[in-house]
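Single-structure report; data block below.
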Amino acid sequence: MANDLDFESLRQRAVASLFGHLEGMCVGTVAVDRTARIAWMDDKYKALLALSEDPSGRPVEEVIPASQLRRAVETGQPSMIDIMEFGDRSFVVSRLPLKDADGDVIGALGFVLFERAEQLRPLVTKYQRVQEELTRTQQELAHERRAKYSFSQFLGVSDAVREIKRLGRRAAQLDSTVLLLGETGTGKELLAQAIHSASPRAGRPFVGVNVAAIPENLLEAEFFGVAPGAYTGAERRLREGKFQLANGGTLFLDEIGDMPLPLQAKLLRVLQEREIEPLGSNKVVRVDVRIIAATSRDLEALVRDKQFRADLYYRLNVVPITLPPLRDRTEDIEGLADRILEQLALQQGGAPRELTDGALAVLRGHGWPGNVRELTNTLERVTALTDAPVLTEEHLRRVLPAAPSEAAPSAGMAEAFNGRPLSEVLHAAERTAIASALEQTGGVKARAAKLLGISRASLYERMMSLGIGAGA
């Protein structure tokens, strides 16, 4: 009981101290009763209003015409900060209802915080600066989430490229799911952005996510978001996932073939129901997102092997577009190389390099397992290694791997075959290629996968399938 009395005494002292401090800081204080008649006004407020007599007992509006204390009494709601006009002056005021022990309103308190509204200018200026910074950041973020490419940037004069653009423009006018198929480096993301840019959703976000680049245990949170405090260490506010960030626009799912089976089921539900459930939440969130998926893997084979859901495959494969490898459209190489060299010149300074006919012949004769991405890397490497304004056949041969001989099979190749089934020969060649890539990259699997032109998840999968140890 003694403790209860101590707490009550402390509370009363705290209230009195709070009121004393607030009253001392203000330039005027007034109290009204339940009928909005003035019960008390301090001397500072009287001096501020130039009153020569005590206004107690008078309706507050007779003394302060613009007062809203009656409203505070009637509604029981505080008004923490407001500007009140008094003649040709503006006061910054605060209004608080007074309640009895039962919670009934018995009056209200009014405080004049500043006698001139201009005194709020530093605070308002700081607030405006923060708001402007927030707006600028939001605009920059929105700009980053806009597609950067259009169909004009998908370069090529071949029939294959013209057909890709025709299909892409047709897909842009639909709102159906698009599935882009093709080897790594063929321009799937560029085409996805071009489709978005030409679609009715062009003004909304374009959000891309590489499924193979995100650890499996983080994929669900990355896609669907995390509810506040969903787990220890989680933020105390909603962390939006890619679906929410792309709401109203397009979500590009690159390397969809590497998506784990459990997440495939959840993605299928989102595509069917158009709603998501953030991690750790029991509330569903409606989303309006157009899906463009891409993969360098054979989804039909994955479906047959039970590594990819058939129902999700059919849901994604509404508008399929296959991008051919660069080796199948060699007539596009000259235009691509010219554009790449122009971009490199802008980055590095100086005039764009030129290619001799012999250099172009070398480029057309290469197999390009990494496609346009490998072509870009090759030209960047060769320009870094020489200052020559004209790139020759010799310059390119220095950076390109030696082409396999077109002569009769070597003794080593004949020995590798040795009457074995083709599947065994291919597995042996694949093991050799993976082992060589791992050796060249010092065992760093991410770099080895890039060297082989496959995703990291695909490399792990092939290593397990071929029995190559994790330490290889």
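The figures that follow rest on heavy atoms only: side chains count, while hydrogens, waters and symmetry mates do not.
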Verdict with supporting geometry, Val211 and Asp254, side-chain contact (heavy atoms from CB on, under 4.5 Å): CA-CA 6 Å; Val211 176; Asp254 198 8; over 6 Å; no
May I ask you to test the [X]-[Y] pair for a side-chain heavy-atom distance under 4.5 Å?
X: Arg398; Y: Val382; answer: no
X: Val270; Y: Phe223; answer: no
X: Leu363; Y: Leu396; answer: yes
X: Asp332; Y: Leu155; answer: no
X: Leu299; Y: Leu179; answer: yes
X: Leu271; Y: Leu312; answer: yes
X: Leu326; Y: Leu375; answer: yes
X: Leu302; Y: Asp298; answer: no

Any residue meeting ring pair (Phe, Tyr, Trp, His ring centres under 6.0 Å) with [X], in chain and number order, not counting sequence neighbours:
X: Phe308; result: none
X: His395; result: none
X: Phe224; result: Phe243

Under 3.5 Å, is there a donor-acceptor pair between the side chain of [X] and the main chain of [Y]?
X: Gln264; Y: Met259; answer: yes
X: Arg290; Y: Thr177; answer: no
X: Thr386; Y: Thr383; answer: no
X: Glu393; Y: Ala359; answer: no
X: Gln244; Y: Gly241; answer: yes
X: Trp368; Y: Thr330; answer: no
X: Ser94; Y: Met80; answer: yes
X: Gln272; Y: Arg269; answer: no
X: Thr75; Y: Arg71; answer: yes
X: Asn247; Y: Asp288; answer: yes

query: Given the rule in the salt bridge (charged side-chain N to carboxylate O under 4.0 Å, His left out) test, do Asp258 and Arg297 qualify, once you have shown the distances and angles that lead to the verdict?
result: CA-CA 8 Å; Asp258 292 313; Arg297 304 183 67 185; 2.9 Å; yes
- prompt: For Leu109 and Arg95, what are the C-alpha separation, side-chain angles and deciding distance, and is it a side-chain contact (heavy atoms from CB on, under 4.5 Å)?
  reply: CA-CA 6 Å; Leu109 280 172; Arg95 309 178 188 97; over 6 Å; no
Identify the heavy atoms of [X] and [Y] that sit nearest to each other, and give their distance.
X: Val105; Y: Gly76; result: CG2-CA, 3.9 Å
X: Pro278; Y: Ala227; result: CB-N, 4.2 Å
X: Val178; Y: Ala171; result: CG2-CB, 3.9 Å
X: Ala172; Y: Ser199; result: O-CB, 3.2 Å
X: Lys283; Y: Glu277; result: O-CG, 3.7 Å
X: Ser197; Y: Ala202; result: O-CB, 3.3 Å

message: Applying side-chain hydrogen bond (donor to acceptor under 3.5 Å, both in side chains) as the test, list every pair that has at least one member in residues 164-175; sequence neighbours left out.
response: Glu163-Arg166, Asp175-Arg201
- request: Could you note down all residue pairs passing side-chain hydrogen bond (donor to acceptor under 3.5 Å, both in side chains) where residues 216-228 supplies at least one of them, sequence neighbours left out?
  value: Glu220-Lys266, Glu222-Arg239, Glu222-Lys242
Please round to the nearest 0.5 Å and tell me the distance separating atom [atom1] of [X] and atom [atom2] of [Y].
X: Leu385; Y: Leu391; atom1: CG; atom2: CG; answer: 10.5 Å
X: Leu113; Y: Ile81; atom1: CG; atom2: CD1; answer: 6.0 Å
X: Glu334; Y: Asp357; atom1: CD; atom2: CG; answer: 8.0 Å
X: Leu267; Y: Ile291; atom1: CG; atom2: CD1; answer: 6.5 Å
X: Leu336; Y: Leu341; atom1: CG; atom2: CG; answer: 11.0 Å
X: Arg315; Y: Asn317; atom1: CZ; atom2: CG; answer: 13.0 Å

field: Matching residue for Glu183 among Arg373, Lys188, Arg327 - test: salt bridge (Lys or Arg N to Asp or Glu O under 4.0 Å)
entry: Arg327
What do you reckon, is [atom1] of [X] surrounded by more than 12 foreign heavy atoms closer than 6.0 Å?
X: Arg339; atom1: CZ; result: no
X: Gln153; atom1: CD; result: yes
X: Asp104; atom1: CG; result: yes

- prompt: Are Tyr149 and Glu189 close enough, and set up right, to give a side chain to side chain donor-acceptor pair (under 3.5 Å), and what steps lead you there?
  reply: CA-CA 9 Å; Tyr149 302 109; Glu189 182 168 2; over 6 Å; no
query: After noting the C-alpha distance and the side-chain angles of Phe154 and Ile164, does the key distance pass the side-chain contact (heavy atoms from CB on, under 4.5 Å) rule?
result: CA-CA 9 Å; Phe154 198 99; Ile164 287 171; 4.3 Å; yes
- prompt: Between Asn371 and Thr186, is a side chain to side chain donor-acceptor pair (under 3.5 Å) present by the stated rule, with each step listed?
  reply: CA-CA 6 Å; Asn371 295 288; Thr186 49; 5.5 Å; no
field: Partner residues of Thr250 under the side chain to side chain donor-acceptor pair (under 3.5 Å) criterion, sequence neighbours left out
entry: His196
message: Applying side-chain contact (heavy atoms from CB on, under 4.5 Å) to Ile256 and Leu316, what does each step give before you reach the verdict?
response: CA-CA 10 Å; Ile256 189 73; Leu316 294 172; 3.9 Å; yes
query: Ion pair present between Glu331 and Arg364, side-chain N to carboxylate O less than 4.0 angstrom?
result: no
